[in-house]
Every structure is written in C-alpha cells, then in structure tokens.
Amino acid sequence: MSERTAPTSPHPARAAVAAFVGTTIEWFDFYVYATAAALVFATQFFPPGTDPVVGLMASFATFSVGFFARPLGGIVFGHYGDRLGRKSALVITLLMMGVATFCVGLLPTYEQIGFVAPLLLVVLRFVQGIAVGGEWGGAVLMAVEHAPEDRKTFYGAFAQLGNPAGALLATGSFSLIAAWDTEILYDWGWRLPFLASVLLVLVGLVIRLKVEESPVFEAVRNSGEPTELPVREALRTSWRPLLLGIGILPVAVGGYYIVTTFLQGYGVTEVGISEQVILNGLSLAAFVELVATLAVSWLGDRYGTVRVVTIGLVGVIVLAVPQFLVLETGSVGLIFLVLCVMRLAMATVYGPIARVLAQMYPPRARYTSISIAYQVAGAIFGGLSPLVSTALYAATGSILPVAGLLMAMAVVSIVCLAKAPRHRDADLLEPAA
C-alpha cells in the first residue's frame, strides 16, 4: 500500500506571500496601537497630572483589552473558517482591523471630550482584538496547508513574518515622526500611522482575494459536511492539545510584549532613554527578526522544528536580564546589539511555531482549535505581560522580577513543547471513500 499524501497546492508560494502581506497589515495596525500606548496614550487619553507610572499602567490596560477580545475573535472566525472556508474569514478580519485602526487616528483626546475618549479607545481596541483573533489562525493555515510536507515550517513562517514586518513599519513610522519633531509626535503626529493604515488595507485586500482556498479545507469539504459546531468538536477531541498549545505560547505571544512594549515604556519613563533611541533600536531589532525568521524556519524543516524552537527559548532565558540592564549603560551601540540578539532568539521561537501548532489539531476543527490555543494564550500572557511587568517593577523598584517572569514563561514553553503531539496532514485526513 502506498503512503497517503496530504493535498497540496500548486502555488504554495502565492499563498505564503498573501499570508505575509495580510498579517503584516494586521500586525502593523496592532503594533501602531502598542507603540502609541507606550509613548503617548497616557497623556492623550487620561487626566492631566496623572503619575507617569500610573498613566503607563492605565495605557497598558487599554492595550490589554484587545487581547481579551482575541479568543472571541478566534471562536467566531474559527467557526466561520472551519465551516465555510479560510479565505472569506480572512477578508473580513482585514477589513475590521483597518476600519478600527483608522478610527483610532480620528479620536478626540481626554482634554476635548473627557472620559468618553478612553471609553471609545477601549471599544476600538476591542474591535482590533476581535479582528486579530480571527486573523492569525487562518493566515497560518493558508500558508501551512498549501505547502508540501517537507516545507511546511518554511512556508508557515511567511505568516509569522507579518509580526516583525508590522512591528518594523509601526516603530519605524513613529521613529520617523520623532526624528522630524518630538513635540509634533506627542501633539498630533501619532495619528498619522493610524490614518495611513487604510492604504495598506486596500493593498492587502487585492492580494488576499486572488488566493485559492486551502486544499486541506477543500479535502474536508469534499469528504463530507464540515463539522456543525467546530468549537464543540475542538473541546471534545483536542482538549489536551489545546492546553499544551496554550502552554507552548507564553514567550511567543507574551514575552514578545515584555521585550518590546514594556521595555519601550520602561526605557523612556524610568531609565530616561530618549524616544528616538528606543524607537530606532526596536526598529533595527524588528528588521533582524524579519530577516532571520525564514532562515530559522528553513532550519526547522531540515533539523527539526521542535529542536529549533527549544534553542530559541533557551536564548530568551539567557538574555532576559541583560536586555534590561544594558539600558542603564546608556551605550546606544550596546543597547542596539542586545535588543537585536534578543529578537533573533524570539524569531527562533516565533517563526517555526506556526507549523508546530497547525499540525497539532485535526483538520475538521483546525481553524477553531489553533485560534483558541493562540488567542487564549494571547489574552493570558500577551494581554497581561506589559501590565504585570509594570506592576512588578512598581512594587519592587527592581527590573529583576520582570526578567524572572520572562524566564519562567520560557521554561513553561519548553516543557509543553516537549509533550506536544506531532501529526502529518495525510495521517489526520480521513481516507477517501
């Protein structure tokens, strides 16, 4: 008997590029908010005279709202993607994110409309969270499910490239405005990246509409009716892999915001590093991650995805303390170096992990399953990491507990990764009748 093979697309690169462009736009919108939350929202949307640390915590609290909305987005669009197809779900999420981000750029400040300003900010952040909650799982599946078995880690990483690319565009745009005039940045310049997102969304829609549906989803649809209620099937058949998937992700979705969003706020507010230096350093680090992601994912296909991700997690543990202590040296070159090396370690975790998660779950409820795992982890670890880190620092006056939190998250990720199930699409699809 010949070995069964999973259905693949004749155009995996096209699907991968579409996933990259779509997730880049989604994450650009998401990180524009994150950057503004760290730098300007405390003064724009909260009462004047608020203590800087308290204002930063309030700003990060609005940032967290998006993460708590993400599981709902994962369930809603996971259901839609498992029942009707990945492609249409991804078009809707892109439109939602674009509209919400554009509207943030138009919001009046606290000085203009009082408490209604942060209330509207929270509502739009919630819509952003719904959109990202539905986006990531579908984009990853479109890239992985179009790819041949021996290249799934590499092609899956194209969806992951959207994260550093979006971060680079977001921090880069703020860096350019700060270089132009810091006063303008804090006055009205912060709005420009939000408003410009509408142009990126139009480009993303054109590209995404040209991609074929996932061949794995087509195989499920052709073999019979897709599952009536994907979330029920996911919880019934994959509850243990769901828990392991959540446990794999603390560093990928939470640690990332400690080394970017929290570090940015801490460096500017507490250490006194200039906004320009932090923005330039994070932009350079995002570029390093962007360049490295495909390379480390290729290594995952060649030497083992789990092995490569584990090496990245060990690197995060080693660099957890130095990345904060180096800020106190004031050495721009040294700060840039450590930030870039940390993002290289993060790329080694984040890039290949798309394939790990995509093939932990059966195809019939895969969009729902991968979205639940990723977005619940995002709500717990991503949404709370900057807020908890700020609270730890405020309570202790030391950055070491924050570094300890990041190290503990990496240990949890390593343990769950070692226990995660590993499947091939061909083994998970029902044999043809």
Side-chain angles (χ1 to χ4, degrees), residues 5-9 12-20 22-23 74 78 81 86 90 135-164 214-217 219 238 241-242 244-249 251-253 256 289-290 292-313 345-363 365-375 377 413-414 416-429:
T5 59
T8 57
S9 165
R14 182 187 300 172
V17 170
F20 164 62
T23 54
R86 322 309 196 197
L90 291 174
E135 163 73 20
W136 184 86
V140 163
L141 294 186
M142 286 291 276
V144 172
E145 291 179 347
H146 276 82
E149 191 69 34
D150 61 348
R151 303 294 299 281
K152 286 187 181 293
T153 308
F154 177 76
Y155 280 119
F158 276 84
Q160 304 296 74
L161 277 179
N163 193 305
S214 156
V216 173
F217 174 77
S238 301
L242 282 173
L244 287 172
I246 294 168
I248 286 170
L249 288 164
V251 168
V253 300
Y256 190 86
E289 184 178 358
L290 180 64
T293 295
L294 288 182
V296 296
S297 298
W298 177 83
L299 291 173
D301 280 323
R302 187 172 178 84
Y303 297 108
T305 308
V306 171
R307 182 179 300 167
V308 169
V309 174
T310 302
I311 290 171
L313 290 166
M346 296 295 295
T348 309
V349 175
Y350 190 71
I353 217 164
R355 192 255 179 94
V356 173
L357 291 170
Q359 294 196 293
M360 285 174 63
Y361 308 107
R366 180 178 283 171
Y367 197 144
T368 300
S369 299
I370 192 174
S371 296
I372 289 174
Y374 191 87
Q375 306 308 342
S413 297
I414 291 171
C416 292
L417 184 64
K419 295 179 177 293
R422 303 176 188 104
H423 305 291
R424 298 186 321 123
D425 282 344
D427 299 328
L428 291 170
L429 286 167

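Fair warning: this is a prediction, and the values are worked out from it, not measured in the lab. Heavy atoms only: backbone and side chains are in, while hydrogens, waters and symmetry mates are out.
Taking each heavy atom of Val349 and Ala252 in turn, the nearest pair found is CG1-CB, 4.2 Å. Closest approach of Gly137 to Ile370, counting heavy atoms only: CA-CG2, 3.9 Å. The two atoms that bring Gly245 and Tyr361 nearest to each other are CA-OH, 3.7 Å, heavy atoms only.
For the pair Thr23 (side chain) and Phe20 (backbone), a donor-acceptor distance under 3.5 Å is present. Using a distance-only test at 3.5 Å, with no hydrogens or angles considered, no donor-acceptor pair links the side chain of Tyr367 to the main chain of Leu141. In this structure, the side chain of Thr348 does not engage the main chain of Gly312 through any donor-acceptor pair within 3.5 Å. No donor-acceptor pair under 3.5 Å is formed between the side chain of Arg355 and the backbone N or O of Gly156.
Across Pro421, Ser369, Ser238, a single residue satisfies side chain to side chain contact (heavy atoms under 4.5 Å, CB included) together with Met360, and that is Pro421.
Ion pair Glu145/Lys152 not flagged as a salt bridge, since none of the NZ, NE, NH1 or NH2 atoms sits closer than 4.0 Å to an Asp/Glu carboxylate oxygen.
Note that NE2 of His146 and CZ of Arg151 are 15.5 Å apart. Values are rounded to the nearest 0.5 Å. To the nearest 0.5 Å, atom CE of residue Met142 and atom CZ of residue Phe158 are 15.0 Å apart.
Side-chain contact, Thr153 with Thr305: a donor N or O sits under 3.5 Å from an acceptor N or O.
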### Message
Would Val251 and Leu313 count as a side chain to side chain contact (heavy atoms under 4.5 Å, CB included) here? Give the steps.
### Response
CA-CA 8 Å; Val251 168; Leu313 290 166; 3.8 Å; yes
### Query
Step by step, would you call Ile248 with Ser413 a side chain to side chain contact (heavy atoms under 4.5 Å, CB included)?
CA-CA 4 Å; Ile248 286 170; Ser413 297; 5.5 Å; no
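Partners of Ala354 under the side chain to side chain contact (heavy atoms under 4.5 Å, CB included) rule, at least two apart in sequence or in another chain, are Val140, Gln160. For Ile246, the side chain to side chain contact (heavy atoms under 4.5 Å, CB included) partners are Ala373, Val376, Ala377, Phe381, not counting sequence neighbours. The side chain to side chain contact (heavy atoms under 4.5 Å, CB included) search around Val306 returns Thr310, Leu417, Arg422, not counting sequence neighbours.
Centroid-to-centroid, the aromatic rings of Trp298 and Phe154 stay 6.0 Å apart or farther.
No side-chain heavy atom of Tyr350 sits less than 4.5 Å from a side-chain heavy atom of Thr293. The shortest side-chain heavy-atom distance between Leu249 and Tyr374 falls under the 4.5 Å cut-off. You'll find the side chain of Trp136 stays beyond 4.5 Å of the side chain of Ser371, heavy atoms only. Within the 4.5 Å cutoff, the side chain of Lys419 has no heavy atoms near those of the Cys416 side chain.
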